[in-house]
Amino acid sequence: MLKDGVEARPVVVLSAATHFPLFLMRSRAVRLTSSALALLTLGGAALFVWLTEQRRSARQEVARTFDARADQATASINAARAAQRAYVAPGQSSHVWMPQVKALANQTAATIDQLRALSSSNDASQALLEASASVAEFITVDKRARDYLDADQPVMAGDVVFSDGGDTAAEVETELNTARSAELRALEAEDIAMRGREAWVAGGSGLLAALVLLLLGAAGQRRDEAKATRAGSLVPRSDDPPSIRPMSTVSGTTVGATDDNHARDFVTLSAAAEVCTAFGRVQDVADLKRVLGQAAHALDASGLVVWVGSADGADLRPVVAHGYSDH
């Protein structure tokens, strides 16, 4: 949609800070929040891309309909022109062809009105307005030719049919082709804009997710180094006096706790990897809801909600959720 001449871009809104000092990542709550932020960003990006692809498909279907209707209008006006020339053809009865010309001209006008309703380009709309005017002129020319035939002046009728009638029918065909070209250019420009928004959202979400993973990895490395330092300080050294050497049971307990922490970290990382893989395979909203449930389970969360901002940024609305009622 357009606002003040500028295209408004709907985006997924996530309420979060953009910078986490490394020492904050040592907090388990901050790490879980950061992981949830990365997952929700990826999920929101997947949903946005899916919705954009749906809009692209719908727009392409309208374009195909427009093209087919333009072909119908072109065929109708050409058939009307051929039937009109039969008025003065030897061995033909004008009274047989006159109803067909009238029906074909009216059909062409109605099809052009349908094309105007389908068009999304100003240039196409203007060309279709001119095509409608040319059809009206064709109908006027046809009436003049009939009047000459009723007055038993076939030469004058033939002059009108082959000059004015042919020219106005050719103008209708030219304007229809102009409208078709303008609509195709508009479709291509809109498709490029949609592709750009998809790339912008996907790239931004991927960058944020990568940043969170890097910070989590750095914080985990610092934590492991600190644990290793503490564990090393409890190992007896050969030059320590016997009176200050720590008990082996204390050292064994410390090493066992470190192994447990590593095991828990491995399980958490595996769950996060599974959720990320599932997000990459999302194809529709049902899949997204299922993966949100998987993410909530991995985070030990009661529910998750993805919010999307309106085009003007005035409000938020939930688009998909897990663990919450519809109300």
Review point. Roughly how far apart are Glu198 CD and Leu51 CG, rounded to 0.5 Å?
Key: 10.5 Å

Review point. Does the pair Arg144/Glu137 count as a salt bridge with the N-to-O cut at 4.0 Å?
Key: no

Point to revise | Side chain proximity check, Thr174 to Glu171, heavy atoms < 4.5 angstrom | key: no

Review point. Below 4.5 Å, heavy atoms only, C-beta onward: do Arg116 and Ser125 meet side chain to side chain?
Key: no

Practice item. Determine, for Asp150 against Arg146, whether the closest basic-nitrogen to carboxylate-oxygen distance falls under 4.0 angstrom. Key: no

Practice item. Decide yes or no for Glu130 and Thr178: does some side-chain heavy atom of the first lie under 4.5 Å from some side-chain heavy atom of the second? Key: no

Review point. Roughly how far, to the nearest 0.5 Å, is CH2 of Trp50 from CD of Glu53?
Key: 11.0 Å

**Study point:** Gap between atom CG of Asn177 and atom OG1 of Thr74 - 0.5 Å precision
**Key:** 5.5 Å

Point to revise | Ala105 to Val135 - nearest heavy-atom pair and separation | key: O-CG1, 3.7 Å

Review point. Is there a donor-acceptor pair closer than 3.5 Å between any side-chain N or O of Asp142 and the backbone N or O of Phe138?
Key: no

Point to revise | Gln107 side chain reached by Gln72 side chain, heavy atoms, under 4.5 Å | key: no

**Study point:** side chain to side chain contact (heavy atoms under 4.5 Å, CB included) evaluation trace for Leu128 with Leu176
**Key:** CA-CA 7 Å; Leu128 291 172; Leu176 285 172; 4.1 Å; yes

Review point. With the threshold set at 4.0 Å, does a side-chain nitrogen-carboxylate oxygen contact exist between Arg64 and Glu61?
Key: yes

Review point. Closest approach of Gln84 and Gly165, non-hydrogen atoms and distance?
Key: OE1-CA, 3.6 Å

Practice item. Would you check, one step at a time, whether the test side chain to side chain contact (heavy atoms under 4.5 Å, CB included) holds for Arg56 with Arg195? Key: CA-CA 9 Å; Arg56 287 183 65 250; Arg195 291 288 189 184; 3.1 Å; yes

Point to revise | Member of Val101, Thr111, Ile139 meeting the side chain to side chain contact (heavy atoms under 4.5 Å, CB included) criterion with Asn106 | key: Ile139

**Study point:** Derivation of the side chain to side chain contact (heavy atoms under 4.5 Å, CB included) call for Leu149 and Met98
**Key:** CA-CA 11 Å; Leu149 289 173; Met98 285 180 180; 3.6 Å; yes

**Study point:** Any Arg81 side-chain heavy atom under 4.5 Å of Glu173 side chain
**Key:** yes

Check your understanding: Between Thr52 and Arg55, does any side-chain donor sit less than 3.5 Å from a side-chain acceptor?
Key -> yes

**Study point:** Heavy-atom check, side chain of Trp200 versus side chain of Arg197, under 4.5 Å
**Key:** no

Check your understanding: So, the side chain of Asp164 versus the backbone of Val160: is there a donor-acceptor pair under 3.5 Å, distance only?
Key -> no

**Study point:** Candidates Asp147, Val141, Thr140 - the one meeting side chain to side chain contact (heavy atoms under 4.5 Å, CB included) with Lys143
**Key:** Asp147

Check your understanding: Ser132 and Ile112: which non-hydrogen atoms are nearest, and at how many Å?
Key -> OG-CG2, 3.1 Å

Exercise for review: Looking only at non-hydrogen atoms, find the nearest pair between Gly166 and Arg85 and report the distance.
Suggested key: CA-NH2, 4.4 Å

Revision key, fill the gap. For Ala186 and Ser121 the tightest heavy-atom approach is CB-CB, 3.8 Å

Exercise for review: Work out which heavy atom in Ser120 is nearest to a heavy atom in Glu183; give both atom names and the distance.
Suggested key: OG-OE2, 2.9 Å

**Study point:** Transitive ILVMFWY side-chain link Leu115 to Val62, under 4.5 Å
**Key:** yes

Practice item. Flag the pair Phe162 / Val88 as yes when at least one side-chain heavy-atom distance between them is below 4.5 Å, and no otherwise. Key: yes

Check your understanding: In Å and rounded to the nearest 0.5 Å, what is the CG to CZ distance from Asp71 to Arg180?
Key -> 4.5 Å

Exercise for review: Show your reasoning for whether side chain to side chain contact (heavy atoms under 4.5 Å, CB included) applies to Arg59 and Asp191.
Suggested key: CA-CA 9 Å; Arg59 182 68 183 87; Asp191 187 73; over 6 Å; no

**Study point:** Within-4.5 Å side-chain heavy-atom neighbours: Ser76 and Asn78
**Key:** no

Study note, to complete from the structure: Value for CG (Leu42) from CG (Leu47), rounded to nearest 0.5 Å, stands at 12.5 Å

